[in-house]
Amino acid sequence: MFVLGIDPGLTTTGYGVVRGSGPAVVAVGAIRTSQREPVEQRLGEIYRDVCGVIEEYEPQVLAIEQVFINQNRATAIGVARASGVVILAAAQHGVIVREFTPTAIKNAVAGYGKASKQQMQKMVAARFGLPVPPEPADAADALATALCYLQTARLEAFT
């Protein structure tokens with residue numbers, strides 16, 4: 001089973017493909033868009049790149065971080081837009097979508113719901129046996145989201 005983890009963002013969308021057995025990292029990276037481009041072009045780029053990842057790795061599940069409304073509404077709107085096109089790409093490819101709050105992801109991976117970006121990067125590297133923490137932090141967050149799904153699915157199997 002392959003799980004595609006996504007940390008959505010309009011400027012940087014992190015992604016990580018994880019094989020469930022192990023688990024093991026299959027691919028990790030980030031989709032970056034230019035703030036100088038119109039929003040519709042940026043969203044189109046995110047959509048096309050996510051479709052490409054889905055078509056290449058054929059994940060069964062897309063695990064995505066839920067939009068977190070913080071004090072910066074402009075950032076939250078951009079994240080929500082990016083999240084929407086990612087979910088659309090998954091739906092059009094028949095991929096199951098599961099959403100997780102940032103706190104749930106941090107709890108699952110680091111055991112602490114308020115873990116910092118650096119702590120999450122280190123924990124992701126440790127949990128996957130990577131020699132160095134994934135860069136950028138958005139890519140590490142995407143792997144953490146995929147790992148959160150795998151842990152949640154295992155727990156649900158026992159209930």
Side-chain angles (χ1 to χ4, degrees), residues 1-20 23 25-110 113-117 120-121 123-124 128 134-156:
M1 164 190 261
F2 288 116
V3 177
L4 172 56
I6 295 285
D7 180 33
L10 187 55
T11 301
T12 306
T13 291
Y15 68 89
V17 180
V18 174
R19 187 182 67 237
V25 175
V26 176
V28 63
I31 301 163
R32 298 181 190 272
T33 66
S34 172
Q35 294 177 343
R36 293 185 296 260
E37 296 294 327
V39 70
E40 66 273 14
Q41 289 182 2
R42 296 171 74 188
L43 292 171
E45 185 175 339
I46 293 166
Y47 173 80
R48 286 186 300 278
D49 287 357
V50 169
C51 285
V53 172
I54 291 171
E55 290 163 6
E56 182 173 352
Y57 296 101
E58 299 179 350
Q60 287 75 36
V61 176
L62 182 137
I64 188 168
E65 186 174 306
Q66 280 183 343
V67 176
F68 175 72
I69 304 298
N70 57 17
Q71 295 174 344
N72 187 338
R73 290 181 195 252
T75 299
I77 290 168
V79 171
R81 288 173 165 172
S83 181
V85 299
V86 168
I87 292 170
L88 173 63
Q92 289 183 331
H93 286 83
V95 178
I96 297 166
V97 176
R98 295 291 180 262
E99 293 183 277
F100 297 94
T101 65
T103 302
I105 295 165
K106 291 176 181 183
N107 274 328
V109 175
K114 295 184 180 181
S116 69
K117 287 272 189 194
M120 288 299 289
Q121 284 177 288
M123 286 303 297
V124 165
F128 284 110
E135 290 285 341
D138 307 272
D141 288 348
L143 288 173
T145 305
L147 188 57
C148 180
Y149 168 77
L150 290 170
Q151 288 182 196
T152 302
R154 285 187 194 116
L155 289 174
E156 289 175 355

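These numbers come from the heavy atoms of this one structure, side chains and all, not from hydrogens, waters or symmetry mates.
Using modelled atom types, one side-chain atom of T33 and one backbone atom of L10 make a donor-acceptor pair closer than 3.5 Å. For the pair T152 (side chain) and C148 (backbone), a donor-acceptor distance under 3.5 Å is present. In this structure a side-chain-to-backbone donor-acceptor pair under 3.5 Å is missing from E37 to R42. Listed for the N107 side chain is a donor-acceptor partner under 3.5 Å among the backbone atoms of G113.
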| task | Start with the C-alpha gap between Y15 and V28, add the side-chain angles, then the distance that decides, and say whether side-chain contact (heavy atoms from CB on, under 4.5 Å) holds. | result | CA-CA 6 Å; Y15 68 89; V28 63; 5.9 Å; no
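Considering CG of D7 and CD1 of I64, their distance stands at 8.5 Å, rounded to 0.5 Å. Taken to the nearest 0.5 Å, the CE atom of M123 stands 11.0 Å off from the CZ atom of F128. One distance of note links CD1 of I46 with CD1 of I31; it measures 6.5 Å at 0.5 Å rounding.
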Show the atom names and distances, to 0.1 Å, of all donor-acceptor pairs under 3.5 Å that link a side chain in residues 94-102 to residues at least two apart or in another chain.
from	atom 1	to	atom 2	distance (Å)
T101	OG1	A104	N	3.0

Check: residues 48-59 side-chain donor-acceptor pairs under 3.5 Å, at least two apart:
from	atom 1	to	atom 2	distance (Å)
R48	NH1	G44	O	3.2
E55	OE2	H93	NE2	3.0

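The salt bridge (charged side-chain N to carboxylate O under 4.0 Å, His left out) check on D141 picks up K117, with sequence neighbours excluded.
The environment of CD in Q35 is sparse: at most 12 heavy-atom neighbours from other residues, nucleotides or ligands sit within 6.0 Å.
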